[in-house]
Amino acid sequence: MKQNNVIRAMTRDGAARILVINSTEMVNEAIRFHKTAPTATAALGRVMTAASLMGTMLKEKNDKLTLKFKGDGIAGSIIAVSDYMGNTKGYIQNPEADLPLKANGKLDVGGIVGAGDLCVIRDEGIGDPQTGFSRIVTGEIAEDLCAYFAQSEQIPTVCSLGVLVDTDLSCRAAGGILLQLLPFADEETVVKIEENLPLMNNVSGMIDGGMTPEDILARIMTGIEYDVFDDFRAEYRCDCSRDRILDALSCFSDAELDDTFADKDTIEVCCHFCDQKYIFTREDIVSNRR
Ligand SMILES: [Zn+2]
C-alpha cells in the first residue's frame, strides 16, 4: 500500500481550510511521459500540484477541474486536469522549455510561462462548465493562483508550490499548500495565520527534508487549533479511453476522412497526457457515428 500524500484540514474555529500535498511521485510520472527539461518540469509540476489541490475541493465524484496557463513564453500552454480525489494528468506544449537559473538560484518558471491568462474550468458533467479567468501576474504559478482566487472567486487564498529538480532531471521533491479563508473568518485566527505565512515557504525543501504532509500541516498551523478531515492518495492518472477518442473522431466529415485515409488503412492517435496509443480504421469511425 502506497502512502497517502494529501491531507485536508480546517482550523477548529472554521476560519480557514488547509490542504497539503506531496506531489513528488505525480511529477515524476509527468517527467516520464513528457520528458521535460528542468524548467518545464517545475512549471508543469507546479500547475499539476495546484490542480490536484483544487480538484480535492470539487463537490461531486464525477466533477473535473481543469487549470490552464496560456502564456506567451516558450513553454506554450500548460494544462492540468484533476478529479475530486486530486488524481491529476498534465500536459505542457513545449516540454523542452528551459532557461538559465535565476540570480537567486531558482528555476525561471515565470520566464518560460510569460504573460497571458490563466483559466479554471469546473465541469460538473451536467450543464455548461463554470469557467473563470484572470491575468497571469508573475508566471510563477502560486502568485497567479492567489490573484485568480482573489479576483475571480473573491476568496482570500495563500498558496505555496514547489518543485525541486535533481541533477539527473528527476523530481527530488514536489508539493503544495493551499490555505483559504472562509467567510466570516475570526480576526484573531487570521492574524495568527498571517504570522505563520513565512512557515509556508519552501514546501519542496520541507518534503526533501523528510516532512510528511501531516508534519507540514502541523508546522504551518503552529499556535492554531485545527482538525484533520481526511488524508488520501492522489496520483498521476489519465482518464483517456478508446471510446472517448473515437467519439471525438466521429465528428470528422466524409471529406476529411477521405483525406486522412487516402494513403493508409489505419490511423494512430496518441493521448497527449499519457502517450497511450489508439489505432482506428475508417470503419471504426464511421460505425461510431450517430
Ligand atoms: Zn491518456
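These numbers come from a predicted model, not from an experiment. One-based numbering, in listed order, for ligands and for the atoms of each. Positions are given from 1 along the sequence.
- Pairs of residues two or more places apart, or lying in two chains, that qualify as salt bridge (Lys or Arg N to Asp or Glu O under 4.0 Å) and include a residue from residues 239-249 are Lys64-Asp239, Lys89-Asp239, Asp239-Arg244, Arg242-Asp284, Asp247-Arg290.
- For the Zn ion (ligand 1), the count of nearby protein N, O or S atoms, meaning those under 2.8 Å away, is 4.
- Ion pairing between a basic and an acidic side chain is recognised when a charged N comes within 4.0 Å of a carboxylate O; Glu153 and Arg122 show such pairing.
- In this structure, a donor-acceptor pair under 3.5 Å is present between the side chains of Ser250 and Asn288.
- Atoms CD and CD1, from Glu143 and Ile136 in turn, are 12.0 Å apart once rounded to the nearest 0.5 Å.
- Residues Glu140 and Lys102 are paired through a salt bridge, judged by an N-O separation under 4.0 Å between the basic side chain and the carboxylate.
- For an aromatic pair to be called close, the ring centres must be under 6.0 Å apart, and Phe33 with Tyr91 fails this.
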